[in-house]
Amino acid sequence: MHGEVVSRKKIIAGNWKMNFTSQEAEVFLKKLVPLVKANMNSEIILCVPFVDIELAKRETTGTNIKIGAQNCYFEKSGAFTGEISAEMLRSLGVEYVILGHSERRTYFLENDKIINKKVKAALDENLKAIVCVGETAQQKEWLETNEVVFSQVSAALQGIKAEDLKNIIFAYEPMWSIGTGKTANFEIARRVCAYIKKIVKNLYEEQLPSDIATLYGGSVNAKNVKQILSKDTIDGSLIGGASLDVEEFSEIINIAEAIL
Ligand code: PGA
């Protein structure tokens, strides 16, 4: 399989960001669950605020929806006021965690080194890490996308063993496209995702059983998701705003499912 693009089941990951109290989350999930078929080929993930995790796990028990978090700290425990460890997430039954989201990089000053430590902490607890990478508007203008993506991907993987790559998903999220209604040109997104797969292969210089999974994120909605998911190197999508609307999110899931 080395060198080939492997077609895999599509991944649809919602990122609620700082939205929905537990009460609101409950209303949303009670509507979503009946709209999502029990046996789906796609991987459906909802990354919810920490305080909604328990409720979300409970509401989605026995369904096809997996619950993820949006961040974790890299230390195991101790005097880190306000932080949440990977072990705490694991103990609640969380399976995924978004790391290195551009909002974390921008507003909370997370750098590549911190993100790499968080990836290791998540993997140590058997969580799957959804690692976000992507360029700013200015970097895009200066044609630095590949350079930025290369340095973010390779820094995130520093010291990670090849056998752990199956638990890492990269999300290409150009910063200028997040929450702006401006999606990347899909052909460019396809190429960047192909480039991420190539970076990982080159870094590991070995026969990986399959390519690393790559998502596109940034203003994805029910209208454009089909086009995005039909690109062969894009294995799914990380969805912010449109994951807050239950009808739209379930429509996106159904579209992903129909593509298979
Ligand atoms: P958006 O956010 O879909 O609202 O653009 C995507 C993300 O930040 O993951």
Side-chain angles (χ1 to χ4, degrees), residues 11 13 15 17 47 68-76 78 80 82-87 89 96-179 184 188-189 191-206 208 211-218 233-235 238 240:
I11 301 166
N15 174 12
K17 309 193 179 184
C47 297
Q70 301 167 14
N71 181 31
C72 71
Y73 196 50
F74 54 77
E75 293 288 354
K76 283 191 179 306
F80 303 102
E83 291 296 326
I84 303 283
S85 71
E87 187 190 3
L89 297 179
Y96 290 84
V97 59
I98 297 174
L99 296 173
H101 191 280
S102 67
E103 286 148 19
R104 301 288 322 167
R105 293 179 191 258
T106 307
Y107 305 132
F108 303 97
L109 310 181
E110 288 190 13
N111 59 30
D112 286 331
K113 235 179 161 155
I114 291 174
I115 293 158
N116 173 242
K117 286 188 189 179
K118 290 186 172 193
V119 173
K120 288 176 178 158
L123 295 175
D124 278 352
E125 288 300 328
N126 287 321
L127 298 176
K128 292 194 170 78
I130 302 174
V131 183
C132 303
V133 298
E135 80 285 2
T136 63
Q138 189 164 72
Q139 288 163 334
K140 175 180 184 266
E141 206 174 298
W142 291 348
L143 307 176
E144 292 175 351
T145 301
N146 277 9
E147 208 177 314
V148 170
V149 166
F150 178 82
S151 74
Q152 290 177 338
V153 168
S154 44
L157 293 177
Q158 200 73 48
I160 306 283
K161 294 194 217 82
E163 70 211 49
D164 285 331
L165 292 176
K166 61 180 182 308
N167 289 327
I168 298 180
I169 297 169
F170 278 102
Y172 170 53
E173 297 209 310
M175 285 165 73
W176 48 269
S177 80
I178 295 176
I188 293 175
R191 268 186 258 153
V192 176
C193 285
Y195 181 55
I196 293 172
K197 291 179 198 290
K198 193 169 143 211
I199 296 168
V200 177
K201 264 188 199 147
N202 289 348
L203 282 175
Y204 285 83
E205 287 179 353
E206 50 194 291
L208 300 175
D211 286 316
I212 199 142
T214 44
L215 314 180
Y216 168 78
T233 64
I234 302 181
D235 303 305
L238 183 55

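This structure is a prediction, so every number in the text was calculated from the model and none was measured.
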Query - Smallest separation among heavy atoms of A122 and V97, with atom names - result: CB-CG1, 3.8 Å
Query raised in the report: Can you tell me how far CD of Q139 sits from CD of E147, rounded to the nearest 0.5 angstrom?
Result: 8.5 Å
Query raised in the report: Ignoring hydrogens and geometry, is there a side-chain-to-backbone donor-acceptor pair from Q70 to C47 under 3.5 Å?
Result: yes
Query raised in the report: Considering only heavy atoms from C-beta outward, does the side chain of V119 approach that of D164 to under 4.5 Å?
Result: no
Requested in this report: Measure the spacing between CD1 of I188 and OH of Y216 and express it to the nearest 0.5 Å.
Outcome: 10.5 Å
Requested in this report: Measure the spacing between CD1 of I98 and CG of N15 and express it to the nearest 0.5 Å.
Outcome: 3.5 Å
Report summary line: Tested for side chain to side chain donor-acceptor pair (under 3.5 Å) against K197, the lone hit among T214, N202, D211 is T214
Report task. Could you tell me whether the side chain of K76 and the main chain of S85 form a donor-acceptor pair under 3.5 Å? Result -> no
Query - Expected output: side-chain R105 to main-chain C132 donor-acceptor under 3.5 Å - result: yes
**Report entry** Any side-chain heavy-atom pair of E110 and N71 under 4.5 Å
**Finding:** yes
Report summary line: For I160 and Y204, the nearest pair of non-hydrogen atoms, with its separation, is O-OH, 2.8 Å
Query raised in the report: Can you check whether A13's main-chain N or O pairs, donor with acceptor, with Y96's side chain at less than 3.5 Å?
Result: no
Query raised in the report: Which pair of heavy atoms, one from A171 and one from I130, lies closest together, and at what distance?
Result: CB-CG2, 4.2 Å
Report summary line: Taking every heavy atom of I115 against every heavy atom of V131, the minimum-distance pair comes out as CG2-CG1, 4.4 Å
Query raised in the report: Can you tell if the side chain of V200 reaches within under 4.5 Å of the side chain of F170, non-hydrogen atoms only?
Result: yes
Report task. Search all heavy atoms of I212 against all heavy atoms of D235 and return the closest pair with its distance. Result -> O-OD2, 3.9 Å
Requested in this report: Give a yes-or-no answer on whether the side chains of W176 and E135 include a donor-acceptor pair shorter than 3.5 Å.
Outcome: yes
Requested in this report: Output yes when a side-chain donor or acceptor of E87 lies under 3.5 Å from a complementary backbone atom of E125, and no otherwise.
Outcome: no
Query raised in the report: In Å and rounded to the nearest 0.5 Å, what is the CD to CG distance from E163 to L123?
Result: 10.5 Å
Query - Pairwise side-chain contact, T145 with Y172, heavy-atom cut-off 4.5 Å (strictly under) - result: yes
Query raised in the report: Within the distance-only criterion (no hydrogens, no angle test), does the side chain of K140 pair as donor or acceptor with the backbone N or O of M175 below 3.5 angstrom?
Result: no
Report task. Would you name the heavy atoms of A184 and A189 that are closest together and state the gap between them? Result -> CB-CB, 4.4 Å
**Report entry** Side-chain (N116) to main-chain (A156) donor-acceptor, under 3.5 angstrom
**Finding:** yes
Query raised in the report: Out of curiosity, E83 CD to Y73 OH, how far, rounded to the nearest 0.5 Å?
Result: 6.0 Å
Query raised in the report: Got more than 12 heavy atoms from elsewhere within 6.0 Å of NZ, K113?
Result: no
**Report entry** Interatomic spacing from CG in N167 to CG in D124 - rounded to 0.5 Å
**Finding:** 11.5 Å
Query raised in the report: Is there a donor-acceptor contact under 3.5 Å from the side chain of T106 to the main chain of E103?
Result: no
